[in-house]
Amino acid sequence: MPEIKNKTAQVGETATWIVATIIIIVILAISIFIASFYLGKTKEIQETNPNYPYTRIAEIPAYKSLFSYMLTKDSGGETIHSQLKESISFNEFNGNLAKKIFLEFYEKEYTEAWLGAVSNKDLVPTSGNDYFGSPLTVRGGGQGGYILEMIKLDENKSVALFLTRE
Amino acid sequence: MQKNKKGAEKIISVYWFAILLIVAGAIVYMVFSFYGKPYDAREIEAGLLADKAAECVSYAGYLREGVLLNQEFKENLLENCGLNFETEDAYGWKEQGQYFLQIDFYDFNSYPGSNSLFSASAGNNNLKNFCNLEGEKLPVCLERGLYTLDKEGKPYAIKITSIVRKIEKNA
């Protein structure tokens with residue numbers, strides 16, 4: 001009888017170690033898989049904007065394009081900056097030009113672009129517009145955060161360009 | 001019974017040693033696979049190069065004077081833009097240029113579809129051939145667009161192409 005008892009104990013102990021070994025191997029396999037396929041890829045460095053979370057450092061060519069766009073004059077000699085300061089709604093001239101620059105000219109560079117008015121307080125777009133549709137925030141944005149370029153119109157509002165890249 | 005116990009203890013020791021080896025080996029493998037791959041800084045470098053080129057051709061919303069259709073600007077692009085394509089002397093980088101920069105100017109009103117009005121480039125021209133290829137060990141190519149105006153208000157589309165090779169240390 002005592003021998004039988006010992007045997008049961010030995011079988012129980014062996015079973016425990018087999019299970020323990022399997023658990024150890026599974027945990028190691030998962031760790032190796034994560035390290036190899038997710039963390040082990042060549043690491044890319046991305047710049048983030050310290051002033052605004054979820055946005056990336058401004059890109060100089062895009063900002064310069066926005067600046068030049070605001071300085072473009074219509075046939076009457078009025079700059080787009082003045083036009084938007086008076087009325088934040090795009091007219092045919094500045095709306096079509098914005099579309100040509102930020103949607104057509106930048107088509108290969110950015111997956112999405114949205115230009116419109118935002119509140120200076122929280123950068124929330126005041127509304128959508130006929131040329132760029134609803135703001136990107138409504139559509140969910142892109143991976144890696146937005147690239148945000150802004151030009152102030154007055155104390156309350158700015159013109160903002162949101163760009164996303166894959 | 002005592003003999004059996006000693007035998008069991010020996011087996012357990014071998015088992016523990018084997019587990020220790022497996023765990024240690026796995027940790028070494030994971031550390032190596034994480035830290036063994038380099039940080040790829042070439043996209044940022046190519047972006048900075050494009051930014052510098054944009055600063056060079058456009059200022060305060062307008063095209064800089066002496067840039068468009070200026071042969072001297074074209075021939076001395078690096079000096080005019082304050083760029084230096086010198087690299088460290090490793091992996092034969094000195095002999096084979098590691099950078100390429102090209103700036104193409106177009107009339108915005110007839111873009112796309114029109115030929116460039118003016119073009120300036122510097123660096124290793126051969127790197128352009130790798131831009132449309134797919135693979136891991138390839139140079140990083142970046143294209144940035146810039147809309148700008150001349151002093152008379154005429155709009156221009158500028159395409160900046162910047163390429164950084166440096167495969168050996170980044171890819």
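Lettering of chains follows the sequences in order, A, B, ..., and the numbering in each one begins at 1.
How far CG of A:Leu66 is from OH of B:Tyr147: 11.0 Å, rounded to the nearest 0.5 Å. The structure places CD1 of A:Ile60 at 10.5 Å from OG of B:Ser58, a figure rounded to the nearest 0.5 Å.
Residue B:Asn132 places its CG atom among 12 or fewer non-hydrogen atoms of other residues, nucleotides or ligands, all under 6.0 Å distant. With a 6.0 Å radius and a threshold of 12 heavy atoms from other residues, nucleotides or ligands, A:Lys85 has its NZ atom at or below the threshold. Counting heavy-atom neighbours within 6.0 Å of A:Glu104 CD, excluding the residue itself, gives a total above 12. For B:Asn129, the CG atom is densely surrounded, since the number of other residues' heavy atoms within 6.0 Å is greater than 12.
Side chain of A:Lys100 to backbone of B:Phe108: a donor-acceptor contact under 3.5 angstrom is found. In this structure, A:Lys73 contributes its side chain and B:Gly153 its backbone to no donor-acceptor pair below 3.5 Å.
Linking Ile, Leu, Val, Met, Phe, Trp and Tyr residues whenever their side-chain heavy atoms come within less than 4.5 Å leaves A:Tyr69 and B:Phe105 in two separate clusters. Note on B:Leu142: it does not cluster hydrophobically with B:Leu133, by side-chain heavy-atom contacts below 4.5 Å among ILVMFWY residues. Both A:Tyr63 and A:Trp114 are part of a single hydrophobic cluster, where members link through side-chain heavy atoms under 4.5 Å apart. With hydrophobic clusters built from ILVMFWY side chains whose heavy atoms lie under 4.5 angstrom apart, B:Ile163 does not share a cluster with B:Val140. Note on A:Ile23: it does not cluster hydrophobically with B:Ile22, by side-chain heavy-atom contacts below 4.5 Å among ILVMFWY residues.
When heavy atoms are compared at a cutoff of 4.5 Å, B:Phe32 does not approach chain A at all. Using a 4.5 Å cut-off between heavy atoms, B:Ile19 touches chain A through its side chain atoms alone. Residue B:Lys52 does not touch chain A at all, counting heavy-atom pairs closer than 4.5 Å. When heavy atoms are compared at a cutoff of 4.5 Å, B:Ile158 approaches chain A solely by way of its backbone atoms N, CA, C and O. Contacts of B:Val23 with chain A are made by both backbone and side-chain atoms, with heavy-atom separations under 4.5 Å.
Of the charged side-chain nitrogens involved, none lies within less than 4.0 Å of a carboxylate oxygen, so that B:Glu143 and A:Lys108 do not count as a salt-bridged pair.
Interface check for chain B: of the options A:Ile25, A:Ile24, A:Thr21, the most heavy-atom pairs under 4.5 Å are formed by A:Thr21.
Contact record, B:Tyr29 with A:Ile32: CE2-CG2, 3.2 Å, taken as the closest heavy-atom pair. The two atoms that bring B:Met30 and A:Ser31 nearest to each other are SD-CB, 3.1 Å, heavy atoms only. B:Leu146 and A:Phe105 make their closest contact through N-CE2, 3.4 Å (heavy atoms, listed as atom of the first residue, atom of the second, distance).
Contacts from residues 60-86 of chain B to chain A, taken as heavy-atom pairs separated by less than 4.5 Å, involve B:Ala60, B:Gly61, B:Tyr62 in sequence order.
Among the candidates A:Ser68, A:Ser65, A:Pro61, the single residue satisfying the side-chain contact (heavy atoms from CB on, under 4.5 Å) test with B:Thr148 is A:Ser68.
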